[in-house]
Amino acid sequence: MAQAKKAVSKTSKKQVSRSAPRAIPKTFQNYIGGKWIPSESGEMFENINPANTGDVIGRFPLSTSEDINAAVNAAQEAFDRWRKTPAPKRAELLFRLGEILIRNKDQYTADMTREMGKVLKEAGGDVQEAIDCTYYTAGEGRRLHGYTAPAEMRDKFAMCVRQPVGLCGLITPWNFPMAIPSWKLIPALVCGNTVVIKPAEDTPLSSYNLVKACEEAGIPPGVVNLVTGFGETVGAALTNHPALRLISFTGSTDTGRIVASACAERNAICSLEMGGKNAIIIMDDADIDLAIEGAIWGAFGTSGQRCTASSRLVVHKKVYRQFVSKMVEHTKALRVGNGADPRVDVGPVINADAVDKVIGYIDIGRNEDGATLSCGGKRLTRGDYANGFFIEPTVFSDATPDMRISQEEIFGPVTTIIPANSIEDAIQIANGVRYGLSAAIYTQNVNRAFQAMNELYTGIFYVNASTIGAEVHLPFGGTKATGNGHREAGTQVLDIFSEWKSVYVDFSGKLQRAQIDQLESAQ
Ligand code: NAD
């Protein structure tokens, strides 16, 4: 269960950090009603660099439900004024926010690599995604289109408009620490909602940076509130708060289920973005070198800690041996290390708990499942690796589709190669998991590409590209255990953060009854 996992994770992180030499870390605060204030509990937790656990990035408030109550009250107070601020004016503040994000991109990037571990280039991409999302979505301030429709009766006008849903709780994971909060925050704001953000406990600094930029952009007090702390306490308090009309959650499928149940209980809107077990299909006519590049990038980018990671490679038997041998060769060439070093390809995993989980799955793959461990498989602990959470990029081959390493989300630098006999077989294997986020095919055959596009039951699909690399102006999300039918990004995200109001204007000056009088009035 996610609850137990996080509790263990936090304890072990603190234990590690106490045994290492350290400078006095900076103290951060919650942002409530336009003020930076400590938690009501007065307690703090530490944000630690996963590449060097002696490096404590900062101490953040270990908040309680009291802090959530205060933040929700602030969001409530600000709501009426914000929703009545014309959308183009709201958007002007968001464009200003975009400028601030651009100005500080390098600092935010360095902060992110330090707190999350991903290499600088990818952290820069994460910040850029927040910038792209801000500009793209702020543009909606001058659109937020509704529509008109013909009415059934004469002298009657019918139209639909969007209105804000109200107060929103945003719960985010650590793997995209600025992009994912921005994907929720910016559309929520442009639609006229006020929010309380609860970032992942492993990466609060990137959300702090985003919220600080909101303050600088002049977004009014109470519109954006930030409360840091653990999921089981403040995340749960947010999810259960009766004044929040909507919870937007991204994280594991296990936690998402808890959030969804709590929202169902109190009839709140709930949008969920959850886990993945994404497959690349490599056909016998594929450009193998291109496929290898895509597979390496998709499997080991962000140390495999992406919801869209290419954690399964389904390879046609005719090119199987060739593919496995090239994949192993390229995987062994990857440089593991501190993401702040520009020569590094693969950074650490997020925390001690993630190390245990990933190494546990490697043991399962080797022993219980009986797949071939083709390379990697070990935690790195010597020299520069001694104080971090480093794991060798790992490839399993000769796996079958039903093995646990082929089915379960490992969320680390591990990928599993599964042989397939045909395109039909490959599609069946790719579809044969509980998740449905992203899929890809490498082929030179346009018919096969479209067949796969048509039959793979995922929210995202790529041809001759890896399973990762979404762009902000297209909808993002998944099927089955990955989501609950919503899509973030694109204009589709507006359907999460606004509710439709149908408006009828009868200018006939008489009573006209829909369904009853329509034939009469049509004469
Ligand atoms: P997680 O579920 O452990 O935590 C996510 C967030 O939920 C954190 O802020 C956490 O504090 C909070 N939380 C934990 N318990 C809670 C509770 N009981 N009530 C309310 N909130 C609670 O996930 P994680 O480890 O941070 O992130 C990794 C997971 O996120 C992976 O499964 C990954 O696939 C998924 N993810 C999905 C997407 C997507 O768009 N589909 C994107 C990124 C990550």
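Atoms within each ligand, like the ligands themselves, are counted from 1 in listed order.
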Report task. Start with the C-alpha distance between Lys277 and Gln407, add both sets of side-chain angles, then the distance that settles side chain to side chain donor-acceptor pair (under 3.5 Å), and finish with yes or no. Result -> CA-CA 7 Å; Lys277 189 73 181 176; Gln407 288 287 326; over 6 Å; no
Report summary line: Taking only non-hydrogen atoms of Gly235 and a 4.0 Å limit, the atoms of ligand 1 in range are 19 (N), 20 (C), 21 (N)
Query raised in the report: Below 4.0 Å from any atom of ligand 1, is there a heavy atom belonging to Trp174?
Result: yes
Requested in this report: Check whether the ring centres of Phe476 and Trp183 lie less than 6.0 Å apart, and answer yes or no.
Outcome: yes
Query raised in the report: What atoms in ligand 1 come closer than 4.0 Å to a heavy atom of Phe249?
Result: 2 (O), 5 (C), 6 (C), 7 (O)
**Report entry** Winner among Leu437, Leu272, Thr255, Thr250 once heavy atoms are compared against atom 5 (C) of ligand 1
**Finding:** Thr250
Query raised in the report: Under 6.0 Å from the six-membered ring centre of Trp174 and within 45° of its axis: does the NZ or CZ of Arg306 meet both?
Result: no
Query raised in the report: Which heavy atom in Ile359 sits nearest to a heavy atom in Gly377, and how many Å separate them?
Result: CD1-O, 4.2 Å
Query raised in the report: When only distance counts, is Met274 in polar contact with ligand 1, meaning an N/O pair under 3.5 Å?
Result: yes
Query raised in the report: Between Asn193, Ile269, Leu167, which is the residue that forms a side chain to side chain contact (heavy atoms under 4.5 Å, CB included) with Arg245?
Result: Ile269
Query raised in the report: For ligand 1, which atoms sit closer than 4.0 Å to a heavy atom of Ser252?
Result: 1 (P), 2 (O), 23 (O), 29 (C), 30 (O), 32 (O)
Report task. Please state whether Gly478 comes within less than 4.0 angstrom of ligand 1, counting heavy atoms only. Result -> no
Query raised in the report: Can you list the steps and then say if Ile410 with Ile405 is a side chain to side chain contact (heavy atoms under 4.5 Å, CB included)?
Result: CA-CA 7 Å; Ile410 299 173; Ile405 55 166; 4.2 Å; yes
**Report entry** Within 6.0 angstrom of Gln428 CD, more than 12 heavy atoms from elsewhere
**Finding:** no
Report summary line: For Ile180, the atoms of ligand 1 under 4.0 Å from one of its heavy atoms are 42 (C), 43 (C)
Requested in this report: Step through the shown structure and confirm whether more than 12 heavy atoms of other residues, nucleotides or ligands are within 6.0 Å of CD on Glu471.
Outcome: no
Query raised in the report: Of Thr113, Thr109, Asp126, which is the lone residue that meets side-chain hydrogen bond (donor to acceptor under 3.5 Å, both in side chains) with Lys118?
Result: Asp126
Query raised in the report: Counting only heavy atoms, which portion of Phe476 has something under 4.0 Å from ligand 1: side chain, backbone, both, or neither?
Result: side chain
**Report entry** ligand 1 contact on Glu409 by region, counting heavy-atom pairs under 4.0 Å
**Finding:** side chain
Requested in this report: Any atoms of ligand 1 less than 4.0 Å from a non-hydrogen atom of Thr239? List them with their elements.
Outcome: 20 (C)
**Report entry** Option whose closest heavy atom lies nearest to atom 12 (C) of ligand 1, chosen from Thr308, Asn351, Thr203, Ile171
**Finding:** Ile171
Requested in this report: Determine, considering heavy atoms only, which of Thr172, Asn175, Ile258 sits nearest to atom 44 (C) of ligand 1.
Outcome: Asn175
**Report entry** ligand 1 contact on Arg306 by region, counting heavy-atom pairs under 4.0 Å
**Finding:** neither
Query - Glu201-ligand 1 polar pair, N/O distance under 3.5 Å - result: yes
**Report entry** Ring geometry between Phe28 and Phe60 (parallel below 30°, tilted from 30 to 60°, perpendicular above 60°)
**Finding:** parallel
Requested in this report: Output the list of atoms in ligand 1 that are nearer than 4.0 Å to some heavy atom of Pro173, sorted by atom number.
Outcome: 26 (O), 27 (O), 43 (C), 44 (C)
Query raised in the report: What are the atoms of ligand 1, with element, lying closer than 4.0 Å to any heavy atom of Ala236?
Result: 19 (N), 20 (C)
Query raised in the report: Any chance the rings of Phe45 and Phe230 have centres within less than 6.0 Å?
Result: yes
